[in-house]
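See structure below.
Whatever order the structure lists them in is the order used to number ligands and atoms, beginning at 1.
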Amino acid sequence: MKKFYITTPIYYINAAPHIGHAYTTVAADVLARYHRHRGTPVYLLTGTDEHGLKIEQAAKEHGVSPKEYADEISEKFRHLWKHLDVHYDDFVRTTEPRHEKKVQEVFAKLQQSGDIYKGHYKGFYCLSDETFWTETEAPADEKNIRRCPNADCRRPLQLVEEESYFFRLSSFQKRLLDHYQANPAFLSPEHRGKEILAFVREGLKDISISRAKVKWGVPVPGDAEQTVYVWFDALLNYVSAAAASPHASFEELWPADVHIVGKEIYRFHAVIWPAMLMALGLPLPKTVFAHGWWTVEGQKMSKSKGNFLDPYDITREFGIDAFRFFLLREMPFGNDGDFSLDSLRRRYNADLANDLGNLLNRVVDMVDRYLGGVLPKRFNPEKDFLPAKVAQRTAAYDECMQRLDFSGALGLVWGVISELNQYVNAQAPWKAAKTDMEKVKIILFDLVSSLRIVAGWIDPFMPHTAARIQSQLGVRQFPEALTAEQVLAGAQTSSGRIQKGPALFPRK
Ligand code: MSP
């Protein structure tokens, strides 16, 4: 059976992971959890990109071999994903034999089909971005220095002039444009897709896909002088890992359902990668989604500024769930935004401690105080049944999740939480408790059921929190929370022992 196949970029191992890497990977995990809990078999692939000049040099600076360096940093990524509760199904490293073999196989196949040919390359190379630029793309400045055209980089470029193999990208322009048009979901979100369309309409040039002087790479088959260009190598991870997966067959995985990438590598994924797949005769992924970039306290994260935020420091202070929540709530997936500890603290206190945490506390307290901790059955649930009204929002929530509109989904959930807070105030069960206990039972039953639904929605984002809420509210399907549908459908909605627990989010 076909699995819902989600990928993250494979990360460079020239430095330890930071919040930018955490962002993409947590988003992929949220999407995976969402689909998995609804019964879809899911497969999440992540990994590390370990070849290329940049890594070769970083290893040298540290006085170790590239492989030793790769082993050490790649492990740091795996460690962080475990820490952040990311459940991936496979972790691919481009230095693994299963991957290197595939790269060579593809190279040879495309040489045979004429999609790869040997030529002479002259151009400019950005080491930091591992990207080739032409003379016109990177004009010389008054000091005769050519800089990387990527506004976030602007580093001086190196002149590269050497024999090289080329991929015949130019011949795929029409097929790519046809594909974008026939498959509107392929380029997402729309505003980023527009940039790709404009770029491809301008015309495509063949691209150099090998390097003569870089030693740390996959050797070009039959040519001892050359290694495969790190991007051509890296993109193939999505099929090499699927073709040699320990847990699934290639047919169960390919084509990928969603490649999630940052906006700065969108061209590689939305232009070069589909052209490579076309050349190979493989079906294209359903969606290539480019999300935006975080700045930190208004500044670009960079080595020179030394402003990389360490995800471990953040989770030590705020907890893992709050970090996951903030990443996906604060900025719409697809836009850029700013990460600051102040805004994290603000959201933590307002959204998590106050809106959600207090609501749960109040409800559980009242069930304790007025009903001795036992929620009785709700008779006559057809009439003004609040949980059913809450559950009507499931369709809109699902729609957001399917479009990867994570902040939209969370905005909707917090809208419901705020309605529930207003409902408590308007109904004032503490007043009714003096005169009408039947009314108190109904109000509390409805609030408990509604909160159980809310916990189901929160679950992909904050799995621990969802489980803690549902266990305080007397329902829990170990090890995962119940979905809104399960709460409504299940007999468990009718009663239950309510157990007060410690505050979900103590104020900071
Ligand atoms: N190795 C390539 C990707 C190859 S995929 C076939 C690469 N690696 S990277 O280590 O530089 O990771 C880039 C990715 O990390 C971005 O595309 C994005 O997913 C994530 N981010 C890194 N910094 C980021 C921000 N400041 N903000 C948001 N995401 C960022 O490129």
D115 and S113 side chains, donor-acceptor separation under 3.5 Å
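Yes.
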Say whether E252 and H247, considering side chains only, have a donor N or O and an acceptor N or O under 3.5 Å apart.
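No, no side-chain donor-acceptor pair sits under 3.5 Å.
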Taking non-hydrogen atoms only, is K300 closer than 4.0 angstrom to ligand 1 via side chain, backbone, both or neither?
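Answer for K300: neither.
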Would you confirm whether the ring centroid of [Y] sits within less than 6.0 angstrom of the ring centroid of [X]?
| X | Y | value |
| --- | --- | --- |
| F172 | F167 | yes |
| F289 | H259 | no |
| H269 | Y238 | yes |

Tell me whether the NZ or CZ atom of R211 lies within the 45° cone about the ring axis of Y125 and under 6.0 Å from its centre.
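Yes, a cation-pi geometry.
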Ring of F318, cation from R345 - is the NZ or CZ under 6.0 Å from the centre and inside 45° of the axis?
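No, R345 does not sit over the ring of F318.
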Pick whichever of Y12, Y23, F268, Y238 has a heavy atom sitting closest to atom 5 (S) of ligand 1.
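Shortest heavy-atom distance from atom 5 (S) of ligand 1: Y238.
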Relative to the heavy atoms of [X], which atoms of ligand 1 are at a distance of less than 4.0 Å?
| X | answer |
| --- | --- |
| H291 | 18 (C), 19 (O), 28 (C), 29 (N) |
| D49 | 1 (N), 2 (C), 4 (C) |
| W231 | 2 (C), 3 (C), 4 (C), 5 (S), 6 (C) |
| G292 | 28 (C) |
| E264 | 13 (C), 14 (C), 16 (C), 17 (O) |
| A234 | 6 (C) |

Residue that, paired with Y165, satisfies ring-ring contact (aromatic ring centres under 6.0 Å, His included) out of F107, Y117, F232:
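Single ring-ring contact (aromatic ring centres under 6.0 Å, His included) partner of Y165 among F107, Y117, F232: F107.
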Could you tell me if any non-hydrogen atom of [X] lies under 4.0 Å from any atom of ligand 1?
| X | value |
| --- | --- |
| K263 | no |
| H269 | yes |
| W273 | no |

Could you report the tightest heavy-atom contact between K54 and L127, atom names first, then the distance?
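Closest pair (atom of K54, atom of L127, distance): CD-O, 3.6 Å.
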Looking only at heavy atoms, what is the nearest atom pair of L327 and W294, with distance?
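Answer, listing the atom of L327 first, then W294: O-CZ2, 3.4 Å.
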For ligand 1, which is the ligand I care about here, please tell me if [X] has any N or O atom under 3.5 Å from one of the ligand's N or O atoms.
| X | value |
| --- | --- |
| L235 | no |
| G262 | yes |
| W294 | yes |
| Y11 | no |

Could you tell me whether the side chain of N150 reaches within less than 4.5 Å of the side chain of R155, counting heavy atoms only?
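No, too far: nothing below the 4.5 Å cut-off.
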With rounding to the nearest 0.5 angstrom, report the CH2 to CG distance, W414 to L352.
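Those atoms lie 5.5 Å apart.
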Tell me which protein heavy atom sits closest to [atom], plus the residue, atom name and distance to 0.1 Å.
| atom | answer |
| --- | --- |
| atom 18 (C) of ligand 1 | T24 OG1, 3.4 Å |
| atom 3 (C) of ligand 1 | I10 O, 3.2 Å |
| atom 24 (C) of ligand 1 | G20 CA, 3.5 Å |
| atom 22 (C) of ligand 1 | H18 CE1, 3.9 Å |

